[in-house]
Amino acid sequence: MLEPVLLPTPLVDCTDEVFARAGVELRLKRDDLLHPAVPGNKWRKLAPNLAAAVEQGHTRLLTFGGAYSTHLRAVAAAAAALGLESVGLVRGAELADRPRNWSLRAAERAGMRLEFLTRAEYREATGRADGSGASTATADAPWRRWEPCLVLPEGGSNALAVTGAATIPAELPDLGERDVVCCPVGTGGTLAGIAAGLPPGARALGVAVLRGGEGYLEAEVARLHRAAYGREFANWRIDHGHHGGGYGRVPVELASFAAEFEQRHGVPVELRYVAKLLAALADLAATGAFPPGTRLTAVVTGLPDPE
Ligand SMILES: *Cc1c(COP(=O)(O)O)cnc(C)c1O
C-alpha cells in the first residue's frame, strides 16, 4: 500500500465572481494534496495497480512516458516507496545522450531505469501495452528483456486505474441532479472513474487538454468503462473547446488566468491540466452553459511542476 498523505482530500468552497454572476457554485476537490511525489489522479490511478502488482508477486513495474511525464515520475516514486524496481520507456531516442531534464532526473533519482525509444518504436510499444497489466508482448516487444514485470500503459489508465479514480466521487457527499464533477482529460482514465463513481442524477464533465481529441477520447472513456465495469455510462461528456492550442501549450492568457486564480484563492494551479480545466469552467459559466443553481466540483488533479 502506498500510504496517502491526506485522504479523503479536502473539499473547499470557492467563491469566485465569474461563477457567482452565473448563479453557479464552485467547489475544489484538493486531490493535489494527496501525496507530494505521487499527486492527485496519479495516486488514485496507481493505488489499485500497485496493490495488484504486490498481490501478484511482481517485483518490477514498467511503463511509458514523454520527457516531462508526470506519470513516469509518479511510477518511479511509487515503486521506490514499495520496494519495487521500475523501468521507464521514454519517447525520444535523441534524449539518451543529452543531459537529463529535471523530470527524468527525478525519475532516475527515485531508482527508475530509463530506456529511450525512437518515436516510431514508442508508438508501436505503447500501442501494444493493452493496459490489462498482462504483458501482451510478442518476441520483439521492447520490454521483453525486462520481464517478468507489470506493464502499465502510457498515462497509467487501465481498468484498475478507473476503479481508483472512482473513489473521488465517493468522497463527495450529497451529490445529485444539480452536480457536475469536473476534471481535465489527458487519457480519459480519471474522467471514466469519476463518471462511474457518481450516484444517479449527477454528471461528469471532462475538459480535453489536447487538440483533435474529438471522438478518440470519447471512445477511450467508453473502452475503459467496458474494461472496468463491463458496460458504458451516459452521465459524462468532454469539452473540446479549451485545450489552449494543444497538449503542453499554455497561451499567455491561460498563464495569467492561472496566476490570478492562484492569487485570489491561494491554490497552486498546475498549468498543463488544472489551469485548462478551471479556465474552461469559468468560460462555460460566463457564457451560460450551466443553468443557475448548478454546483460544479473541480477536481484539482495535480501539482504545478517544480521547475
Ligand atoms: C496526468 C494528469 C491528468 C490526466 O489524467 P487522465 O486520467 O490521463 O485523463 C490530469 N491532471 C493532471 C494534473 C495530471 O498530471
Side-chain angles (χ1 to χ4, degrees), residues 9 28-49 63-78 103 106-107 126 129 131 152-169 181-197 204-210 213 216-225 227-228 236-240 242-244 246-248 250 254 258 261-262 267-281 298-306:
T9 56
L28 302 178
K29 176 67 170 157
R30 296 290 308 274
D31 263 22
D32 54 316
L33 302 174
L34 236 174
H35 193 288
V38 190
N41 69 341
K42 300 299 180 280
W43 191 95
R44 300 270 184 191
K45 297 198 295 183
L46 275 172
N49 278 291
T63 195
F64 311 86
Y68 291 94
S69 167
T70 307
H71 166 69
L72 217 55
R73 295 197 305 280
V75 170
S103 184
T126 50
L152 295 168
E154 185 183 33
S157 290
N158 57 14
L160 280 176
V162 172
T163 65
T167 62
I168 298 171
V181 181
C182 313
C183 70
V185 175
T187 62
T190 306
L191 176 63
I194 289 172
L205 170 66
V207 172
V209 304
L210 41 96
Y216 165 74
L217 287 173
E218 281 82 0
E220 273 300 290
V221 172
R223 178 184 71 78
L224 289 165
H225 278 152
W236 57 276
R237 70 177 189 87
I238 300 177
D239 170 274
H240 291 280
H242 297 87
H243 52 65
Y247 182 75
V250 181
L254 183 65
F261 192 95
E262 197 163 314
V267 175
V269 177
E270 184 276 337
L271 289 173
R272 273 179 299 178
Y273 295 95
V274 179
K276 289 181 184 180
L277 167 69
L278 295 171
L281 296 183
V299 181
V300 182
T301 44
L303 287 167
D305 285 343

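Read the numbers this way: they start at 1 and go in the same order the structure lists the ligands and their atoms.
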Find all atoms of ligand 1 within a distance of less than 4.0 Å from any non-hydrogen atom belonging to [X], and give their numbers and elements.
| X | answer |
| --- | --- |
| Thr187 | 6 (P), 7 (O), 8 (O), 9 (O) |
| Gly188 | 6 (P), 8 (O), 9 (O) |
| Val185 | 9 (O) |
| Thr190 | 5 (O), 6 (P), 7 (O) |
| Gly302 | 13 (C) |

Check your understanding: Do Leu72 and Ser103 pass the side chain to side chain contact (heavy atoms under 4.5 Å, CB included) test, and can you show the C-alpha distance, the side-chain angles, and the key distance before you say yes or no?
Key -> CA-CA 9 Å; Leu72 217 55; Ser103 184; over 6 Å; no
Of the backbone atoms (N, CA, C, O) and the side-chain heavy atoms from C-beta on, which set of [X] has a member under 4.0 Å from an atom of ligand 1: side chain, backbone, both, or neither?
| X | result |
| --- | --- |
| Lys42 | side chain |
| Leu191 | neither |
| Ser157 | side chain |

Practice item. Taking His242 for its side chain and Ala279 for its backbone only, find out whether a donor-acceptor pair lies under 3.5 Å. Key: no
Review point. Are any of the side-chain heavy atoms of Asp305 and Arg272 separated by less than 4.5 Å?
Key: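 Answer yes - side chains close enough.
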Practice item. Please name the residue in the list Asn41, Thr190, Thr9, Thr301 that meets the side-chain hydrogen bond (donor to acceptor under 3.5 Å, both in side chains) test with Asp31. Key: Thr9
Practice item. Considering heavy atoms of the protein only, find what lies nearest to atom 13 (C) of ligand 1 and give residue, atom and distance to 0.1 Å. Key: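 The closest heavy atom on the protein side is Thr301 OG1, 3.3 Å.
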**Study point:** For atom 3 (C) of ligand 1, closest protein heavy-atom neighbour
**Key:** Asn41 ND2, 3.2 Å
Point to revise | Where His35 and Ala37 come nearest, the two heavy atoms and their spacing | key: ND1-N, 3.1 Å
Check your understanding: Shortest non-hydrogen contact from Val274 to Glu270?
Key ->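 Shortest heavy-atom separation between Val274 and Glu270 comes out as N-OE1, 2.9 Å.
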Review point. Does ligand 1 have any atom sitting under 4.0 Å from a heavy atom of Gly40?
Key: no
Point to revise | 4.0 Å heavy-atom contact, Arg272 with ligand 1 | key: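 The answer is no, since Arg272 has no heavy atom less than 4.0 Å from ligand 1.
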Practice item. Classify the side-chain pair His240/Glu218 by whether it contains a donor and acceptor separated by less than 3.5 Å. Key: yes
Exercise for review: Could you tell me whether the side chains of Thr70 and Lys42 share a donor-acceptor contact shorter than 3.5 Å?
Suggested key: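 Side-chain D/A pair, Thr70 to Lys42: absent.
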